[in-house]
Asker: 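Here it is: the structure, laid out below.
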Amino acid sequence: MSDIHKPCACSPDKGVSRRSFLRTSTVLASGVAALAASLAPLRELTDYTSIEQFMQKYYKEMTPQEMEKVLERITREVEQHYKIRPHVKDYKPMDGVEFVYCLNLTRCIGCRKCVHACVAENNQSQNPEIQYIRVLKLPHGSLDMEKGDHNYAPSSVPEKGFFYMPVQCQQCKNPPCVKVCPVKATWQESDGITVVDYDWCIGCRYCEAACPYFARRFNFTKPSIPKERLNPNMSYLGNRPRKQGVMEKCHFCIQRTRAGKYPACLEVCPTGARKFGNILDPESEVSYILRTKRVFIQLKEELGTSPRFFYYFDV
Amino acid sequence: MMRACKNYLTFLWRCTRIAFVGDWRYYAWLGLLSLFCLVGLNAYAKQIVHGLVVTGMSDQVSWGVYIANFTFLVGVAAAAVMLVIPVYIYGNEELHDLVIFGELLAVAAIIMCLAFVMVDLGRPDRFWHLIPGIGQFNFPGSMLSWDVIVLNGYLLMNVHICGYLLYCRYDGRRPAKWFYIPFVFLAIVWAVSIHTVTAFLYVGLGGRPFWNSAIVGPRFLASAFTAGPALIILAMQVVRWITADSPGGGVAPPPSGTPAPEAGARRPATLEDLELLASHLPQFASVPAEIRQSILMDAVVLDVAPGDALLRQGEAGNEVFFVLEGRVVVKREEKGRFRITRSVGPGEQFGETSALTKTPRAATAIAEEPACLLRLPADSLSKLMQIPQMNKIITWRMTERLMITDRALMILRSIVQVSMLINVFLLVNEIFKEFYSPTAHVASSQYLYFGLHGYHALVPWIWVAIAFNLVAMFLLVLPLSRSLKYLNVACVLAIVGIWIEKGMGLVVPGFIPTPLGEIVEYSPSLNETLVCLGIWAFGILCYTVLLRMAIPILQGTLSKATEGHGDFYHRSTETPTLGIPDVKTAHSR
């Protein structure tokens, strides 16, 4: 028998012998040391989750006072990090409003100004780059997205023989992303905007797999925004800076549209291809377009997602 | 109540303690696995700090090898049921001995599944948002919330069934049927559900045509019932190998075949001897006086010394032995190696199988300590067996053994065989549907099997997987695989093939091309791979420790009866059942 087979240190009938005690403690000590060594990278962790953040309640269950406190915390954090005092507000949906977006494919020239205006307005990470709008360059006569070029970079647009189709969150009436979220961290608001509670998302990315429009973006690492480019006008469900490991997406510029302004992508569009408004108001521009224009495309209509984003043509 | 608690705590304590006892091979194996675990933990710590950017995943391919492993392992866990169904529904005896091993494998697999989901989360600190009651649980809307319920439920069920059966075996009592049989049947349905729900995670996504197909669920089950039992076939042979040759108190059985010398002192049995037996075996009290008288006629009491052989494997014999005092160990020889199949104490019997079936002795029995035995001829045993209580207890104790027979492995082979045929058949169905009418939805399959627009990272993998599966299928169908050597080759090929096909071959192409037609390829990063290796090592570590606890309990060497015995027992019970011990000691005496 090798001596391992001798009664171990914890043998009931033998006392703890000096030798086995030494051996056990050496094994234990080296085990603890190895464990500590393997966890060493955690020393680089800078962004701890505070108790306050850890315990934060679900958005829909917070009282106005609790929300006040959370907004204060966000203000404090942003100020600490960017040395700019932001105005953080929790913009609520307005009664009798349902937002709809219309995009005129005849007019879009593929300049991607909307993409960049969106990044600036919504405090998207610039390294790594996160963009909510993807513009596809498609050959005339086809809507087959597999033929689309995502990375076109000519010296000037538009190019002959092609048309351009910007795709962003389609704000579906029947959103697959909301259905699959295991923790209800994303939902549809009464004005039709699908939002994400960045403080509730667990980062499983199931919604990203479920989205048929490639509209969701994940913070694979800590987002970085240059201080001078931070937009200080922020909303809780909208453009406040996000953390590592959570999902984000287009929210129709909630901090603008719920305050009666147009989304940033619309405002910057040089050709007037983008139209936005309240579909419940018969006098609105989008109501007029949906009444009078003849051809509309709802992307991937066959999936039954029923987008609030309509593509149309001047015919 | 207090005593029951104390007894249970002693059981847990002894199980925990035995997990840390073994020979140098056992320690080296644990050390190696722990090393991999720590390397994995280190990689995970890096991922915590820097985020999932350290993986190969992107917005385009947002799930990778973590979820691929998760999917594969849910199948392994579900496959434990392929042992349970034959045993509990069709009453198969051969597989009965393996059920616990299958369920422990399910426990280890589910632990790995949960770990793989955990490392895939971007915000593990918000895990509590998933807990029903305190978090926000999107049930029944999200298939992921279903998965949380079915996986944790399956884990609890299997822990309960194994824990209860092992504890009863330890305690030397018959498990109460109502306390575990309902769970066994629930677990059968549940096992199907864990894998179906996992398939539905993918099937439910209308925007991903590669997954949005009704055949995914059945294919998952078919491949799980191939890979799972294949893994059990391999694992059982490893268990059989490492549990053999154990020194068992330093007593080596003599070569089988030679008749046992008449050992020890012998005298005719008296009524007092039967009273002594009844004190250890309460069921014996139900034996009427006239039967007692009649069996006394041919009954012999033997007093034997440690090391005396009472019966030998291979020889003919039709007597049954009841232990009155001391302990007897029963060892079986397989290919020149010896394994303890049971350890028998006062009130328990051995040799009954040969007595009842008139077959040669299946194992050798050796006294482990000075023992006193009651020997009865076969017809006396038959008389006893006519009494219902005695019949019940004797039949039940017959099943208490550690046996991994080739026949059990062959039953598993036929399960793997049929499942593999169904698996390949379903694959053919899917390929036909995708390519015969190539709609726009064929893009992902095109990418997977042939490459798309010059991108073909997965092409070599999937063809290797298909080749492995086909070779495995042919091997399994041919009589060749009745030999363990070829069966093992087939099992390894099937496991690797299915791991590729169902992991990387299912998860990744679902994302390529993206819904907007973009192609971004995926390959796991080094850090990601290390995390995966760490979790696999952790799972194997769990399984090793669970086996380390379960095997001596199944052998009867770790039981309430052996509690508090001196060094002798420490040696014989808690020496390496895992890890091949001193061959020298085993054969030199």
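Because the structure is a prediction, the values reported are computed rather than measured. Residue numbers start from 1 in every chain, and the chains themselves are labelled A, B, ... in the order their sequence lines are given, proteins ahead of strands. When reading the values below, keep in mind they use all heavy atoms of this one structure, side chains included, and skip hydrogens, waters and symmetry mates.
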Asker: Do A:E77 and A:K243 meet the salt-bridge criterion of a basic N to acidic O distance under 4.0 Å?
Answerer: yes

Asker: With respect to chain A, which residue among B:S62, B:G517, B:G51, B:G207 yields the maximal number of heavy-atom pairs within a distance under 4.5 Å?
Answerer: B:S62

Asker: Do B:F200 and B:Y202 have their ring centres less than 6.0 Å from each other?
Answerer: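 Ring centres of B:Y202 and B:F200 not closer than 6.0 Å.
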
Asker: Without swapping roles, check the side chain of A:Y132 against the backbone of A:H251 for a donor-acceptor pair under 3.5 Å.
Answerer: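 No; zero donor-acceptor contacts below 3.5 Å.
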
Asker: Based on non-hydrogen pairs under 4.5 Å, which of B:N212, B:L201, B:V61, B:T514 is most in contact with chain A?
Answerer: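 Option with the top pair count is B:L201.
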
Asker: Report which part of A:D144 has an atom under 4.5 Å of a heavy atom belonging to chain B: side chain, backbone, both, or neither.
Answerer: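 For A:D144, neither part sits under 4.5 Å from chain B.
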
Asker: Would you mind telling me which of B:G141, B:P515, B:G135 has the largest number of heavy-atom pairs within less than 4.5 Å of chain A?
Answerer: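 Top option by heavy-atom pairs under 4.5 Å: B:P515.
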
Asker: In Å and rounded to the nearest 0.5 Å, what is the OG1 to CZ distance from B:T198 to B:F70?
Answerer: 4.5 Å

Asker: Which atoms of B:S34 are under 4.5 Å from chain A, going by heavy atoms: the side chain, the backbone, both sets, or neither?
Answerer: neither

Asker: When the aromatic ring centroids of A:Y236 and A:Y59 are compared, is their separation below 6.0 Å?
Answerer: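 Yes, the ring centres sit under 6.0 Å apart.
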
Asker: Measure distances from A:A37 to the heavy atoms of chain B and classify the residue's part below 4.5 Å as side chain, backbone, both or neither.
Answerer: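 Contact with chain B: backbone only.
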
Asker: Quick check on the interface: out of A:C204, A:P182, A:G245, who has the most heavy-atom pairs with chain B under 4.5 Å?
Answerer: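 The option with the most such pairs is A:P182.
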
Asker: Quick check with a 6.0 Å cut-off and a 45 degree axis cone: is A:R112 positioned over the face of A:Y152's six-membered ring?
Answerer: yes

Asker: Does A:E208 use its side chain to pair, donor to acceptor, with the backbone of A:A215 at less than 3.5 Å?
Answerer: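 Between the backbone of A:A215 and the side chain of A:E208 there is no qualifying donor-acceptor contact (under 3.5 Å).
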
Asker: Assess A:K137 against A:F162: is NZ or CZ under 6.0 Å from the centre of the six-membered ring, and within 45 degrees of the ring's axis?
Answerer: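 Output yes; distance and angle both within limits.
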
Asker: Does A:R134 use its side chain to pair, donor to acceptor, with the backbone of A:V115 at less than 3.5 Å?
Answerer: no

Asker: What part of A:Y206 gets closer than 4.5 Å to chain B, counting heavy atoms only: side chain, backbone, both or neither?
Answerer: both

Asker: Just by modelled atom types, is the A:M247 backbone N or O under 3.5 Å from a matching donor or acceptor in the A:R242 side chain?
Answerer: no

Asker: Looking at chain A, which one of B:V148, B:V54, B:L121 has the largest number of heavy-atom pairs inside 4.5 Å, strictly under?
Answerer: B:L121

Asker: Between chain B and each of A:T46, A:V246, A:D199, count heavy-atom pairs under 4.5 Å; write down the option with the most.
Answerer: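 Heavy-atom pair counts peak at A:D199.
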
Asker: Can you say whether A:L136 sits under 4.5 Å from chain B via the side chain, the backbone, both, or neither, judging by heavy atoms?
Answerer: side chain

Asker: Between A:I202 and chain B, which part of the residue has a heavy atom less than 4.5 Å away: side chain, backbone, both or neither?
Answerer: both

Asker: Using a cut-off of under 4.5 Å on heavy-atom pairs, state which of B:M143, B:H129, B:K46 scores highest against chain A.
Answerer: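 Of B:M143, B:H129, B:K46, B:H129 has the most heavy-atom pairs under 4.5 Å with chain A.
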
Asker: I need the residue from B:L35, B:V117, B:L41, B:T55 with the largest number of non-hydrogen atom pairs under 4.5 Å to chain A.
Answerer: B:L41

Asker: For chain B, find which of A:G304, A:C211, A:C201 contributes the most heavy-atom pairs closer than 4.5 angstrom.
Answerer: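 Sorted descending by pairs with chain B, the first entry is A:C201.
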
Asker: Rounded to the nearest 0.5 Å, what separation is found between the CH2 atom of B:W63 and the CZ atom of A:R205?
Answerer: 8.5 Å

Asker: Does the structure place the NZ or CZ of A:R217 under 6.0 Å from the centre of the six-membered ring of A:F214, at an angle of no more than 45° from the ring's axis?
Answerer: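 Cation-pi check for A:R217 and A:F214: passes.
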
Asker: Identify which part of A:V183 has an atom lying under 4.5 Å from any heavy atom of chain B, answering side chain, backbone, both or neither.
Answerer: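 Answer is both: backbone and side chain atoms of A:V183 are under 4.5 Å from chain B.
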
Asker: Where on B:L205 is there a heavy atom nearer than 4.5 Å to chain A: the side chain, the backbone, both, or neither?
Answerer: side chain

Asker: Flag the one option from A:P176, A:C181, A:A185 with the top tally of heavy-atom pairs under 4.5 Å to chain B.
Answerer: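 Looking at each option in turn, the highest pair count goes to A:C181.
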
Asker: Given that the side chain runs from C-beta out, which part of A:R216 has a heavy atom under 4.5 Å from chain B: side chain, backbone, both or neither?
Answerer: backbone

Asker: Is the ring centre of B:F139 less than 6.0 Å from the ring centre of B:W146?
Answerer: yes

Asker: Under a 4.5 Å heavy-atom cut-off, does chain B meet the side chain of A:K184, its backbone, both or neither?
Answerer: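 Both backbone and side chain.
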
Asker: Where on A:E302 is there a heavy atom nearer than 4.5 Å to chain B: the side chain, the backbone, both, or neither?
Answerer: neither

